[in-house]
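One structure is given below, encoded as C-alpha cells.
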Amino acid sequence: MEKMYSPKVIEKKWHKIWDAEKAFAATEDYSKPKYYALVEFPYPSGQGLHVGHPRPYTALDIVARKRRMQGYNVLYPMGWDAFGLPTENYAIQNKIHPRIVTENNVQRFKEQLQSLGYSFDWDREINTTDPDYYKWTQWIFMKLFKEGLAYKKEMPINWCTSCKVGLANEEVVNGVCERCGSEVVRKVKSEWMLKITEYADKLIDGLNDVDYIEKVKVSQVNWIGRSEGAEVDFALAGKEDKLRVYTTRPDTLFGATYMVVSPEHPYIDKYQSEISNWDEIIAYREAAAKKSEFERTELVKEKTGVVLDGLKAINPVNGKEIPIWISDYVLMTYGTGAIMAVPAHDDRDWDFAKKFNLPMIQVVEGTEGAVDINEAAFTDVATGKLINSDFLNGLEVTDAKEKMKEFLEEKGIGNRKVNYKLRDWVFSRQRYWGEPIPIVECDKCGYVAIDESELPLMLPEVDSYMPTDNGESPLAAMTDWVNTICPCCGGPAKRETDTMPQWAGSSWYFLRYTDPKNTEALASKEALDYWLPIDWYNGGMEHTTLHLLYSRFWHKFLYDQKVVPTHEPYQKRTSHGMILGENGEKMSKSRGNVVNPDDIVNEFGADTLRTYEMFIGAFELSASWSQDGVKGCRRFLDRVWKLMDIVSDEDGYSSDMETKMHQTIKKVSNDFENLKFNTAIAAMMALINDFYKKDSVTKGELKTLITLLNPVAPHMTEEMWEMLGFEGRLYQTAWPEYDEAKTVESTVEIAVQINGKTKTTLAIGKDDPKDDVIAKAKEALGDKLNGTIVKEIYVPGRIVNIVQK
RNA sequence: GCAGGAGUGGCGGAAUGGCAGACGCAUCAGACUCAAAAUCUGACGUGGGCAACCACGUGUGGGUUCAAGUCCCAUCUCCUGCACCA
C-alpha cells in the first residue's frame with residue numbers, strides 16, 4: 001500500500017485545485033449544448049446545514065458532473081434565500097443587524113457546502129438581500145403593478161399572533177402559522193395583493209407541457225381547484241332582489257328544496273326588518289364568528305344553522321317557494337356566499353336536511369341498480385339519469401348540465417361560470433427584513449410606482465426591528481423615509497412601509513443565475529434564450545403550492561411581458577424524500593436525533609457522506625439515518641481505494657470482465673438519470689466484489705470504475721486518477737461509453753421449469769436455437785418429466801417452461 | 001371523506017410478467033492476532049432433513065396467465081397532501 005485513503009487531506013487538496021482551475025464554471029460559449037440543473041437555494045438559518053440538505057444537492061451534483069463529462073455546458077448554481085423571519089427574530093433578540101446575521105449565516109453555510117465538494121459555479125452566487133439583486137425583485141413588482149396585477153385591498157387577513165405578520169393562505173396550515181405553529185386569527189388590514197387568480201387557467205394548462213412527478217401536478221391542480229358550473233338567480237318572494245348562487249350541478253335545479261346563505265351574507269342585514277327571528281340570527285352569527293379556523297376544520301362536522309323566518313326564495317324553474325337558512329358550512333369567500341340545496345344529490349345538503357327535517361326531491365336515478373336517497377345522497381354523475389325534472393327527464397347527467405346551462409342563459413336567469421379555490425396572493429408583510437415595496441401613496445394620485453431610475457429602493461437603517469402590536473411595519477416609524485414626494489404630481493406622499501414576503505426573491509432567482517452581474521436587466525436576452533428552461537429542478541414537496549406555484553406565476557407573467565422566452569420555467573421537477581433520525585422520526589433538537597453533517601465529514605469524509613446519502617434508499621421516499629450504513633459506505637470507498645494494490649498494467653478490459661464492464665456502464669449511466677442512485681452504487685459495489693474475487697483488476701477497468709464513481713465521490717476518484725498516472729483531470733474526462741452488443745453474456749444460465757416451478761438450471765449459448773435449448777432442458781429434467789407434455793415455452797436467455805399434465 | 005404513495009428476511013432496500021431477496025447493514029463461523037479492533041474468507045427467508053432435497057413464502061381474499069411481488073377485482077393497515085370550495 002503506497003498511501004492510505006485519507007479524506008481530510010485529499011478533499012482539501014482538490015477543493016483548492018478545482019477552485020484555482022475554475023473547474024465547474026458555466027461558460028458563455030452559447031454554441032455548446034447546455035444543461036441547467038437547479039436545486040432550491042437554502043434559507044441560511046443559524047443552525048447551519050442539516051443532513052437533509054445534501055441529499056438533493058448531491059443528487060443533482062451527480063447529474064451535473066456527469067453531463068459535463070458528456071460535453072454539456074452545465075449551469076449548476078447556488079445562492080441564498082436570505083430574507084425572512086428567523087433572521088429578523090434572531091437580530092431582535094441579540095441586537096445585531098439582520099444584515100450581519102445574514103452574512104454570518106451565509107458564510108457558515110457556504111463553508112459547509114464547499115466542504116462537500118459540490119460543483120456549484122460560485123462565481124454566480126446570488127443573495128436575495130443584496131440590493132443589486134432585489135432591485136430586480138422590485139422591478140418585477142412594478143411591472144405587475146403597472147399591469148394591474150398588484151392591487152391594495154382592505155381585507156380580513158390571516159394574522160399570526162406570534163410573528164405579528166399577515167400570512168398568505170398557503171402559509172396557514174391547520175389553522176396555525178406554517179412557520180412558528182402559533183395561532184392565526186383574522187384581522188382586517190389593507191394589504192398588497194397579487195392577482196395570481198388571473199393566471200389560474202394558465203397555471204393548470206402549462207402542466208401539460210412539463211415533466212413533473214405526478215403528485216406535484218395533482219397537488220397544484222387541486223390547490224387551484226378549478227370547477228365549472230353555473231350561477232343561477234333565485235328571486236326573493238315579493239322583493240326586487242335576487243339571490244345568486246353558484247352550483248356545479250345545474251342539472252339538479254328541480255331538486256332544490258331550500259337555500260343556505262353564509263352567516264356573513266349582506267342580504268341578512270339588508271332584510272333585517274323582514275326577519276322575525278332576528279335574535280336567533282344574531283346569536284348564530286356571533287357563535288360562528290367566534291369559531292377559529294382551527295375549530296372549523298377539526299370539529300366533527302355536525303351541521304348547524306338557523307332558518308330566516310319571513311324571507312322566502314322562489315325556485316326559478318318551477319316557481320316553488322322555498323325557505324332560506326343560514327349556516328357556516330356555506331363560505332362567504334367562495335362562489336357567491338349562497339347555495340341552492342339539493343339534499344338528494346349532495347352529501348352536505350343531505351346531512352343538513354336530515355338534521356332539520358327538510359324535504360328532499362330525487363331528480364337523478366341510478367342506471368346501475370336502485371338508489372335510496374333516504375340512506376344517503378346519490379352523487380354519482382357517471383351513472384345517473386334525470387327524473388322529476390320536466391324537460392331534462394331521461395337525460396344523462398352530463399347532457400342535462402349542458403341543457404340546463406343553455407336554458408338558464410336563454411331565459412336570462414343564470415349563466416355559465418368557472419370558479420377556483422385559489423385566492424389572490426397576500427403580498428404584504430409588516431416586517432423589516434424584506435424588500436421594500438416601491439410604491440408611494442399620494443392624496444391626489446393614489447398609489448404610484450416610484451421612478452424606475454430610483455431602483456433599488458434601499459431598505460433604510462432603523463433603530464428597532466421590533467414588529468408593532470398595532471400591525472404596522474417597523475418602517476412606519478421612519479418618518480424621514482416615509483415622507484417623500486409623489487413622482488406623479490410632485491406633491492407630498494408617503495412611502496409604502498410593508499415589505500415583500502420571502503417568496504418574492506425566490507420567485508425569479510433562477511433567471512438571475514443565467515447572468516448574475518447584469519446591471520441593465522435582470523439578465524441579458526442572450527443568456528435567458530440560451531439557458532431557459534431549467535432542464536431539471538429538484539426541491540421539497542412542501543413547496544408545491546407555495547414557491548413552485550408562485551414562481552410559475554411570475555414566470556408566466558414575465559413571458560407575457562416578453563422578458564423571458566419560455567412560458568414555463570422548469571422542464572422537469574422532481575422531489576426528494578426527507579432524511580429521518582435513526583428512530584424513524586423527523587430530526588429535531590427536542591427529539592435529540594439530529595445528525596450534523598460536519599461530524600460525518602470529519603469522521604468519514606465528504607465522499608462517504610455523499611455516497612451514503614445516495615445509497616440510503618429510493619430518492620423520492622423518506623429514509624432513516626443509520627450510522628452503520630455510513631460505515632458500510634466508507635468501507636466501500638476503502639475497497640475501491642485498495643484496488644490500487646492489485647491493479648495490473650493492462651489498458652483494456654480482461655476478457656472475463658468485458659461483459660460486466662459494459663453492463664455496469666449502462667446501468668450506472670441510466671440509473672443516474674432516473675434518480676436511482678442507490679442501485680447505481682450497488683452495481684459498482686458488485687463490480688468491485690468481482691475484482692476482489694479474482695484478486696485482480698486491469699488499469700483499464702479501474703479507469704472506467706473511478707470515472708463512473710467520480711460524480712458520487714469526486715475527491716477520492718480524482719486523487720486516484722492522479723496516482724494512477726492518467727492524463728489531465730478526471731473531471732475533464734469523457735464519460736465512459738458502452739456497447740449494447742457487449743452487455744449480453746455469450747453463455748447464460750437459464751431456469752428450467754415444469755408447470756412454472758423451477759426444477760433445475762442450464763447453461764446455454766445466447767444464440768442457441770429454441771429446439772436445441774428445449775431438448776437440453778428435457779434431458780436435464782430426466783425422469784421428472786413423467787406426464788403428457790402440453791406446451792413448451794422458451795423465453796430467450798431467461799427460462800424454459802415445460803407444461804405437463 | 002377525496003387525492004397521491006407504500007406494505008417483500010433481523011434491518012435499509014433490489015427485482016422490462018420469466019430462478020424473489022441484488023447491494024448494504026447486523027449476526028454467526030473461520031483466517032490473521034498474545035488479544036482486541038481493523039481487514040480477509042464463508043454462511044445467512046421459514047419449516048423439515050446429516051445430506052442431496054422437499055414444502056411454504058412479497059399485508060389479506062379472489063381472479064387472469066404456461067408463469068404474478070409485478071396485471072385485474074375486492075379488502076385491511078400505514079404515510080403524505082387537501083379538506084364543509086356548493
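Annotation: B:rC82 and B:rC66 have their C1' atoms spaced 46 Å apart (nearest Å). Comparing the C1' positions of B:rG21 and B:rA15 gives a spacing of 9 Å, expressed to the nearest Å. Spacing of C1' atoms, B:rC2 relative to B:rG62, comes out at 27 Å, to the nearest Å. Rounded to whole Å, the separation between the P atoms of B:rU58 and B:rU8 comes to 11 Å. Of the P atoms belonging to B:rG12 and B:rC84, the separation is 36 Å, rounded to the nearest Å. A distance of about 48 Å separates the P atoms of B:rG18 and B:rA36, rounded to the whole Å. B:rC72 and B:rU27 are spaced 41 Å apart, taking the P atom of each and rounding to whole Å. Rounded to a whole angstrom, the distance from the C1' atom of B:rA68 to that of B:rC19 is 14 Å.
The partner of B:rC11, taking Watson-Crick or G-U wobble pairs whose two distances both stay under 3.5 Å, is B:rG24. Shown here, B:rC56 forms a base pair with B:rG45; the pair counts as Watson-Crick or G-U wobble because both key distances fall under 3.5 Å. When Watson-Crick and G-U wobble pairs are counted only if both distances are under 3.5 Å, B:rC50 pairs with no nucleotide at all. For B:rG61, the paired nucleotide is B:rC73, the pair qualifying as Watson-Crick or G-U wobble because both relevant distances are below 3.5 Å. When Watson-Crick and G-U wobble pairs are counted only if both distances are under 3.5 Å, B:rC2 pairs with B:rG81. B:rU39 is paired with B:rA31 under the Watson-Crick or G-U wobble criterion, all donor-acceptor distances under 3.5 Å.
Atoms CG (A:Asp349) and P (B:rA86) sit 12 Å apart, rounded to a whole Å. Whole-Å rounding puts the A:Phe636 CZ to B:rU39 P distance at 15 Å. Between the CG atom of A:Asp347 and the P atom of B:rA83 there is a distance of 18 Å, rounded to whole Å. When the P atom of B:rC79 is taken as reference, atom NZ of A:Lys586 falls 15 Å away, rounded to whole Å. For the pair A:Asp328 CG and B:rC84 P, the interatomic distance rounds to 11 Å; values are reported in whole Å. Here the P atom of nucleotide B:rC82 and the CD1 atom of A:Ile224 are 15 Å apart, to the nearest Å. Nucleotide B:rC84 holds its P atom 19 Å from the CD1 atom of A:Ile326, rounded to whole Å. One atom, CE of A:Met4, and another, P of B:rA38, lie 14 Å apart when rounded to the nearest Å.
A:Glu740 places a side-chain heavy atom less than 4.5 Å from the side chain of A:Thr743. Taking the side chain as every heavy atom from C-beta outward, A:Pro343 and A:Leu358 never approach each other to under 4.5 Å. For the pair A:Lys778 and A:Ile789, the minimum side-chain heavy-atom distance is below 4.5 Å. Under the 4.5 Å side-chain criterion, counting only non-hydrogen atoms from C-beta, A:Leu308 is not in contact with A:Tyr267.
A salt bridge links A:Asp638 to A:Arg634: one of the charged nitrogens lies within less than 4.0 Å of a carboxylate oxygen. The pair A:Glu228-A:Arg416 does not count as a salt bridge, with every side-chain nitrogen at least 4.0 angstrom from each carboxylate oxygen.
The side chain of A:Lys215 sits closest to B:rG4 out of B:rG4, B:rG81, B:rA86.
If you find the closest nucleotide of RNA chain B to A:Ser219 and to A:Lys421, the one lying nearer the 5' end belongs to A:Ser219.
Atom NZ of A:Lys354 has more than 12 heavy atoms from other residues, nucleotides or ligands within 6.0 Å.
The shortest distance between the side-chain N/O atoms of A:Tyr334 and the OP1/OP2 oxygens of B:rA86 is below 4.0 Å. Here A:Ser227 reaches the OP1 or OP2 of B:rA86: one of its side-chain N or O atoms lies under 4.0 Å away.
In this structure, B:rG9 is classed as syn because its glycosidic torsion stays within 90° of zero.
For the ring pair (Phe, Tyr, Trp, His ring centres under 6.0 Å) test, residues two or more places apart in sequence or in another chain that qualify with A:Tyr612 are A:Trp625. Scored by the ring pair (Phe, Tyr, Trp, His ring centres under 6.0 Å) test, A:Phe352 finds A:Tyr258, A:Trp325, A:Tyr329, A:Phe356 as partners (sequence neighbours excluded).
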Protein-to-nucleotide contact annotation, 5' to 3' order, nucleotides 12-25 of chain B [B base; S sugar-phosphate only; - none; under 4.0 Å, heavy atom]: BSSSB-BB--BBSS
